[in-house]
Amino acid sequence: MRIAVSAAGSEVSAPAEERFGRCAYFLVFNEQGELQEVIDNQGSASAGGAGIRTTQLLLSNKIDVVLTGRVGPNAMSALSSGGMAVYAGVSGTVAETMEKYKDGQLEPLALPNAQEHSGIKS
């Protein structure tokens, strides 16, 4: 199983990022919590459709579980269609978020918890 955490930086000490489609990186871990790779989220700078582009990126990297904060309706639909489980409630660093996931402290997300385009910073 491959677990991706949305992050503001490329290190496990980086802040976990609440935005799904517009996060800068995904840090990918195995089930034991060992870092496997860092994915640069090229979809984060998209003018539109960042959530869909990000979902496609994760699908191409064979991600099974996504840990993030907010997911819009289009991205949630694509993630669900792709068979990925989504957990919300990231906070603190990426390492702290992984510990919370392993301890069962993150909430599985079945429905979008953000409006479309809510990840765009003005």
Side-chain angles (χ1 to χ4, degrees):
M1 176 168 29
R2 291 171 49 86
I3 304 159
V5 181
S6 56
S10 61
E11 305 289 331
V12 295
S13 60
E17 172 68 71
E18 285 201 6
R19 297 178 305 159
F20 169 72
R22 297 206 180 269
C23 71
Y25 298 95
F26 285 94
L27 276 65
V28 179
F29 298 85
N30 63 16
E31 289 180 65
Q32 290 74 40
E34 299 164 338
L35 181 64
Q36 301 295 296
E37 68 177 299
V38 177
I39 300 172
D40 184 359
N41 184 12
Q42 299 294 322
S44 66
S46 300
I52 297 296
R53 286 188 180 86
T54 299
T55 300
Q56 291 169 338
L57 175 67
L58 296 180
L59 284 169
S60 70
N61 281 278
K62 303 186 183 326
I63 300 301
D64 302 296
V65 175
V66 179
L67 311 182
T68 191
R70 300 184 316 257
V71 179
N74 292 335
M76 189 69 208
S77 177
L79 288 162
S80 296
S81 294
M84 284 185 269
V86 181
Y87 288 78
V90 299
S91 61
T93 67
V94 170
E96 290 167 343
T97 295
M98 269 305 293
E99 286 302 314
K100 289 176 187 171
Y101 172 73
K102 289 172 24 183
D103 290 343
Q105 296 178 23
L106 297 183
E107 294 289 324
L109 193 61
L111 298 171
N113 62 354
Q115 300 291 320
E116 287 185 56
H117 308 294
S118 63
I120 297 174
K121 289 183 178 177
S122 54

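As the structure is a computational prediction, the values presented were derived from the model and not from experiment.
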*Should Tyr25 and Phe29 be counted in the same cluster of Ile, Leu, Val, Met, Phe, Trp and Tyr side chains packed under 4.5 Å apart?*
yes
_Tell me if the CD atom of Glu11 is crowded by more than 12 foreign heavy atoms within 6.0 Å._
no
*Is there a path from Val86 to Val28 through hydrophobic residues (I, L, V, M, F, W, Y) whose side chains come within less than 4.5 Å of each other?*
yes
_Test of understanding: with side chain to side chain contact (heavy atoms under 4.5 Å, CB included), list the residues that count as partners of Asn61, not counting sequence neighbours._
Arg2, Glu37, Ile39, Leu57, Ile63
_Restricting to non-hydrogen atoms, name the atom on Gln36 and the atom on Asn30 that form the minimum distance, rounded to 0.1 Å._
NE2-ND2, 3.3 Å
*Which heavy-atom pair separates Val38 from Ser10 by the least distance, and what is that distance?*
CG2-O, 3.6 Å
*Counting distance only, does the side-chain N/O of Thr93 pair as donor-acceptor with the main-chain N or O of Ser13 below 3.5 Å?*
no
*Short question: side chain of Asn41, backbone of Phe26 - any donor-acceptor pair under 3.5 Å?*
no
_Pairs touching residues 103-112 that satisfy side-chain hydrogen bond (donor to acceptor under 3.5 Å, both in side chains), sequence neighbours left out_ = none
_CD on Gln42 to CD on Gln56, rounded to 0.5 Å_ = 13.5 Å
_Pairing residues for Ala78 by the side chain to side chain contact (heavy atoms under 4.5 Å, CB included) criterion, not counting sequence neighbours_ = Ile52, Thr55
*For Ser6 and Gly69, work out which heavy atoms get closest and say how close.*
OG-N, 4.5 Å
*Return the minimal non-hydrogen interatomic distance between Thr54 and Gly21, and the atom names on each side.*
OG1-O, 3.0 Å
*Please list all pairs passing the salt bridge (Lys or Arg N to Asp or Glu O under 4.0 Å) test where one or both residues lie in residues 84-99, with sequence neighbours left out.*
Glu99-Lys102
*Give a yes or no answer on whether the side chain of Glu17 reaches the backbone of Arg19 with a donor-acceptor pair at less than 3.5 Å.*
yes
*Under a 4.5 Å side-chain heavy-atom rule over Ile, Leu, Val, Met, Phe, Trp and Tyr, are Val12 and Val65 clustered together?*
yes
*Please round to the nearest 0.5 Å and tell me the distance separating atom SG of Cys23 and atom CG of Asp40.*
9.5 Å
*Where do Phe20 and Leu109 land on the side-chain contact (heavy atoms from CB on, under 4.5 Å) test, with the steps shown first?*
CA-CA 13 Å; Phe20 169 72; Leu109 193 61; over 6 Å; no
*asked:* As an exercise, state the distance from CD1 of Ile3 to CG of Leu35, rounded to the nearest 0.5 Å.
replied: 11.5 Å
*For Gly33 against Met98, the heavy-atom pair lying closest together*: CA-CE, 3.9 Å
*asked:* Is there a continuous path of hydrophobic side-chain contacts, each under 4.5 Å between heavy atoms, that joins Leu58 to Leu27?
replied: no
*Might you point out which heavy atoms bring Val66 and Met84 nearest each other, and give the distance in Å?*
CG2-SD, 3.9 Å
_If the condition is side chain to side chain contact (heavy atoms under 4.5 Å, CB included), which residues does Leu106 pass it with, not counting sequence neighbours?_
Leu67, Tyr87, Thr97, Lys100, Tyr101
*Tell me the salt bridge (Lys or Arg N to Asp or Glu O under 4.0 Å) pairs involving residues 51-62, sequence neighbours left out?*
none
*From CD (Glu18) to OG (Ser91), nearest 0.5 Å*: 8.0 Å
